[in-house]
A.B. asks: 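So that we are looking at the same thing, I have put the structure below in structure tokens.
Proteins come first, then strands; the chains are lettered A, B, ... in the order of their sequence lines, and each starts at number 1. Because the structure is a prediction, the values reported are computed rather than measured.
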Amino acid sequence: MNNKLPLISDKKPDHVDYKTILNENELNNLIKKISGISEIAVDTETTSASPTRADLVGISLSFKEGEAYYIPLAHRYTKAPKQLDLPMVLERLRPVLENPKIKKVGQNIKYDYIVLKKTGLEIKDMNFDTMIASHLLNPVRGEHNLSHLSLKHLGYKMLSFQELVGDKETIADIEIDKVAHYACEDADFTLRLKNKLLPLLEKEKLDKIFYDLEMPLVTILANMEVNGIKVDKTFLTPLLKDLKEEIGKMSEEIYTLTKERFNLNSPQQLSRILFKKLKLVPAKKSKTGYYSTSASILEEIKDKHPAIEKILEYRNITKLADGFVEPLIKYINPKTGRIHTSYFQIGTSTGRLASSDPNLQNIPIKGTRGKNLRKAFIAEKGHVLCSADYSQIELRIMAHFSKDELLIRAFKEEKDIHKDTAMHLFNIPEEEVSEDDRRKAKAVNFGIIYGISSYGLAQGMGIKREKAAEIIRNYFSTHPGVKKFIDDTLEDTRRKGFVTTLMGRKRKITNINSENATLRFQAERETINTPIQGTAAEVIKIAMIKINDRFKEFQLKTRMLLQIHDELLFEVGKKEIEVVTGIVKECMENAVDLNIPLKISTGIGKNWLEAH
DNA sequence: GCCGTCACG
DNA sequence: ACGTACGTGACGGCA
């Protein structure tokens, strides 16, 4: 990395030329200047941090370092000057922003795309997002905002948004002159950053994944957020009422059994009741002074006291009510009747997406009660939901990377992979593999993907560590290809200090040579898991781009709604079901060419439970 | 703000 | 002997 960065300072670039556009004459001059350019940085100022709720306050543009323009549109403080008419400005900017031959540069440009799309303007050719570029260069959390990047790569300390807005409600309440400088800096610095970051991407050979994968994905994610998913409020509201009633009843029953009222939601208080007052014996210690009350611990002492089972069920129901049903109702947009999640493209260190506000990547599917919740996610009238998910994508990728004979053969012959693993692991013929053998083999396969350890496997299988160690030895002797892949990957990473995925995404592994065994083991598991999880993330991203292209090509109305790591969910017009299913299968299974086949399964239904 | 807990892939 | 399965987001409690 470049270690000749300037020290923290208030140094600003010399000779900046920032202008505010307040009348049509100035706008005309700006448009004239823009015609013929090939690249422009765009930044919108808005009233809220959430793009689906935000209103536009102003737009800043820069097409040359040190030169930027701010077009105020909706500043509303007393004595605010008259500003240009929004529809008129949009029509003037449309030939530029919708021109696919002019490259758009932005910092978190998905945000600006959504804000402008709501006004009816669609940015075309989002070419460079400095936030995404920075994350590719170092996939860690929380170091990719504009002020951080400016300091790191340009040596400029920017005025923070907080310093600009102070105690005022929104940016619309701040004087145009102040905002103009801030907004122009945003556009100007974004353009300057692009010029710094592109050579770095090229040097690290990250430009291909940036231009071919991450940037095309921005528009797709933005549209998925704008699409949202329809949620049946009439299903959730009575469900919440029932759950709340049940919670009330259950807590009374528990207090009776424990002969004391306390805050059931407090792990600390619950721990005191169970392990001090009732003198139950926990299986594990805790660091923070009281014994853990987690489900796995309580499961083990379930038959020791009648309250335990009730507490587990209480937890289950409160999790549903407080963690899912209530927030989901709140997140239904009154204008659209739909929930618009937010996708975070730089949210993980492996290249997966993250979903928030609300997180729609962790909607329950396992328990009977939780599963039911998926009935609330429904299709628009005349439509159905179509779900498509990869079968065993991570194990298939492990098979590809390791070239392990048994794994490759199992996938080529479309075997039940866990059953197949059990056969070889326990050396028994197929017809003698019991459900329990299969379950054990499944835990081993999970372990392989996570960077296996005897301790972790023992926990996952509910057996002794020594026994787990023996199973791992067996696995490696029957799967020498996997063993070699793990050894080679670790060796390579110890030398280079980072791991790579199929398309060349890198993750720095800081502690791979640490003296501290705990840190080193953690680093080793990251080393094994990252290429697997990261490549799976790339495969589905490629599929999303291909699917999007085909939908456009065939002018389909089907909308992509959700991505849940190895699953895509679509809202399909009833006439398009067959053609969509075909496209989705073709694009997902042929996203990349590996030495094992990729397989998906699809489902159709009026709600998410039925479709999955 | 951090911790314990728990939902998902 | 060490002591955690990988990657996330979000809740309520507590300091």
Side-chain angles (χ1 to χ4, degrees), chain A residues 139 141 262-271 284-298 311-312 314-328 330-331 341-344 346-367 369-371 373-374 389-394 398 443-461 465 468 472 499 507 514-534 536-537 540 562-568 612:
Chain A
R141 297 288 296 256
F262 61 102
N263 190 342
L264 254 171
N265 297 325
S266 162
Q268 217 174 97
Q269 293 185 34
L270 179 61
S271 184
K284 240 195 212 167
K285 283 185 213 164
S286 168
K287 292 161 202 166
T288 43
Y290 67 91
Y291 291 110
S292 167
T293 65
S294 70
S296 62
I297 305 271
L298 296 189
I311 291 165
L312 283 167
Y314 171 90
R315 283 249 179 93
N316 198 283
I317 300 170
T318 49
K319 176 77 180 173
L320 275 183
D322 301 340
F324 293 102
V325 183
E326 196 161 16
L328 283 177
K330 284 193 184 131
Y331 272 109
T341 185
S342 175
Y343 286 105
F344 198 31
I346 62 160
T348 72
S349 32
T350 57
R352 270 191 178 182
L353 301 175
S355 156
S356 69
D357 312 292
N359 182 357
L360 293 186
Q361 290 180 324
N362 73 342
I363 302 299
I365 184 131
K366 282 161 191 166
R369 275 203 133 93
K371 226 181 197 173
L373 225 155
R374 292 197 170 212
D389 69 296
Y390 280 111
S391 144
Q392 301 297 346
I393 188 166
E394 295 193 334
M398 172 56 99
V444 174
N445 281 332
F446 262 103
I448 291 297
I449 289 161
Y450 292 155
I452 202 156
S453 73
S454 53
Y455 189 87
L457 183 65
Q459 186 132 17
M461 290 177 70
R465 216 198 77 190
I472 293 170
V499 272
R507 178 182 182 185
S514 171
E515 301 282 320
N516 181 325
T518 307
L519 292 178
R520 193 171 65 248
F521 290 149
Q522 163 96 33
E524 289 180 357
R525 291 192 302 274
E526 288 169 359
T527 300
I528 300 309
N529 178 257
T530 299
I532 309 286
Q533 189 185 114
I540 196 166
L562 302 179
Q563 190 250 43
I564 312 98
H565 311 305
D566 64 355
E567 174 188 2
L568 295 173
H612 186 81

A.B. asks: Applying side-chain hydrogen bond (donor to acceptor under 3.5 Å, both in side chains), can you list everything that pairs with A/Arg520, at least two apart in sequence or on another chain?
C.D. replies: none
A.B. asks: I would like to know whether A/Ile297 and A/Tyr291 meet side chain to side chain contact (heavy atoms under 4.5 Å, CB included); could you show each step before the answer?
C.D. replies: CA-CA 10 Å; A/Ile297 305 271; A/Tyr291 291 110; over 6 Å; no
A.B. asks: I need the CG-P distance between A/Asp389 and B/dC8, as an integer number of Å.
C.D. replies: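 A/Asp389 atom CG is separated from B/dC8 atom P by 15 Å.
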A.B. asks: Quick one: list whatever passes ring pair (Phe, Tyr, Trp, His ring centres under 6.0 Å) with A/Phe262, sequence neighbours left out.
C.D. replies: A/Tyr255
A.B. asks: Tell me, please, which residues at least two apart from A/Asp389 pass side-chain hydrogen bond (donor to acceptor under 3.5 Å, both in side chains).
C.D. replies: A/Ser601
A.B. asks: Between C/dC2 and B/dA7, how many Å separate the two C1' atoms, rounded to a whole number?
C.D. replies: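 C/dC2 and B/dA7 have their C1' atoms separated by 31 Å.
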A.B. asks: Which part of the nucleic acid, if any, lies within reach of A/Ile365 when heavy atoms closer than 4.0 Å are counted: base, sugar-phosphate only, or nothing?
C.D. replies: sugar-phosphate
A.B. asks: For A/Ser453, which contact category applies under a 4.0 Å heavy-atom criterion: base, sugar-phosphate, or nothing?
C.D. replies: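 Here A/Ser453 touches the bases of the nucleic acid.
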A.B. asks: Could you work out which one of C/dC2, B/dG9, C/dA5 sits closest to the side chain of A/Ile452?
C.D. replies: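 Ranking C/dC2, B/dG9, C/dA5 by closest atom to the A/Ile452 side chain puts C/dA5 first.
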A.B. asks: Measure the distance from CD1 on A/Ile540 to P on B/dC8 and round it to the nearest whole Å.
C.D. replies: 18 Å
A.B. asks: To the nearest Å, how far apart are A/Tyr290 OH and C/dA15 P?
C.D. replies: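 In whole Å, C/dA15 P lies 10 Å from A/Tyr290 OH.
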A.B. asks: Rounding to a whole Å, what distance do you find between A/Leu312:CG and B/dG4:P?
C.D. replies: 19 Å
A.B. asks: If the condition is salt bridge (charged side-chain N to carboxylate O under 4.0 Å, His left out), which residues does A/Asp322 pass it with, not counting sequence neighbours?
C.D. replies: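 Once residues adjacent in sequence are excluded, the partners of A/Asp322 under the salt bridge (charged side-chain N to carboxylate O under 4.0 Å, His left out) criterion are A/Lys244.
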A.B. asks: On the nucleotide B/dG4, are OP1 or OP2 found under 4.0 Å from the side-chain N or O atoms that A/Ser292 carries?
C.D. replies: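 Result: no.
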A.B. asks: Applying salt bridge (charged side-chain N to carboxylate O under 4.0 Å, His left out), name anything that partners A/Glu524, two or more places apart in sequence or on another chain.
C.D. replies: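 For A/Glu524, the residues satisfying salt bridge (charged side-chain N to carboxylate O under 4.0 Å, His left out) (neighbours in sequence not counted) are A/Arg494.
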A.B. asks: For A/Ile317 and B/dC6, what is the distance between atoms CD1 and C1' respectively, to the nearest whole Å?
C.D. replies: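 Atom-to-atom, A/Ile317 to B/dC6, this comes out as 15 Å.
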A.B. asks: C/dT4 and B/dC3: how far apart are their P atoms, nearest whole angstrom?
C.D. replies: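 Their P atoms lie roughly 14 Å apart.
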A.B. asks: Applying a 4.0 Å non-hydrogen cut-off, can you work out what A/Ala523 is touching in the nucleic acid: base, sugar-phosphate, or nothing?
C.D. replies: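 Result for A/Ala523 = nothing.
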A.B. asks: For A/Leu320, answer base if it contacts any base atom (sugar-phosphate contacts may also be present), sugar-phosphate if it contacts only those atoms, and nothing otherwise; contact means non-hydrogen atoms under 4.0 Å.
C.D. replies: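 A/Leu320: no heavy atom of the nucleic acid under 4.0 Å.
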A.B. asks: Would you list the pairs meeting salt bridge (Lys or Arg N to Asp or Glu O under 4.0 Å) in which at least one residue belongs to residues 350-362 of chain A, sequence neighbours left out?
C.D. replies: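 Counting only pairs at least two positions apart or across chains, the salt bridge (Lys or Arg N to Asp or Glu O under 4.0 Å) contacts touching residues 350-362 of chain A are A/Arg352-A/Glu394.
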A.B. asks: Can you tell me the distance, in whole Å, between the CG atom of A/Leu568 and the P atom of B/dG9?
C.D. replies: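 Taking atom P of B/dG9 as the reference, CG of A/Leu568 is at 14 Å.
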A.B. asks: In whole angstrom, give the distance that lies between atom CZ of A/Arg520 and atom C1' of C/dA1.
C.D. replies: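 Rounding to the nearest Å, CZ of A/Arg520 and C1' of C/dA1 are 12 Å apart.
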A.B. asks: With sequence neighbours excluded, what pairs up with A/Asn263 under the side-chain hydrogen bond (donor to acceptor under 3.5 Å, both in side chains) test?
C.D. replies: none
A.B. asks: Indicate whether the side chain of A/Glu526 and that of A/Gln522 have a donor and an acceptor atom separated by less than 3.5 Å.
C.D. replies: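 Indeed, the side chains of A/Glu526 and A/Gln522 share at least one donor-acceptor pair under 3.5 Å.
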A.B. asks: Against A/Arg507, only a single residue in A/Asn529, A/Thr530, A/Thr350, A/Thr527 fulfils side chain to side chain donor-acceptor pair (under 3.5 Å); can you say which?
C.D. replies: A/Thr530
A.B. asks: For DNA chain C, write out the stems as range with range, using runs of 3 or more consecutive Watson-Crick or G-U pairs with both distances under 3.5 Å.
C.D. replies: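 Stem list for DNA chain C: B:1-9 with C:6-14.
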A.B. asks: Which part of the nucleic acid, if any, lies within contact of A/Ala537, taking any heavy atom under 4.0 Å across all strands shown: a base, the sugar-phosphate backbone alone, or nothing?
C.D. replies: nothing
A.B. asks: Please report, rounded to the nearest Å, how far the C1' atom of C/dC2 is from the CG atom of A/Asn516.
C.D. replies: 9 Å
A.B. asks: Any chance you could list the contact pattern along nucleotides 6-13 of chain C? Use B for base contacts, S for sugar-phosphate-only contacts and - for none, protein heavy atoms under 4.0 Å, 5' to 3'.
C.D. replies: BBSBSSSS
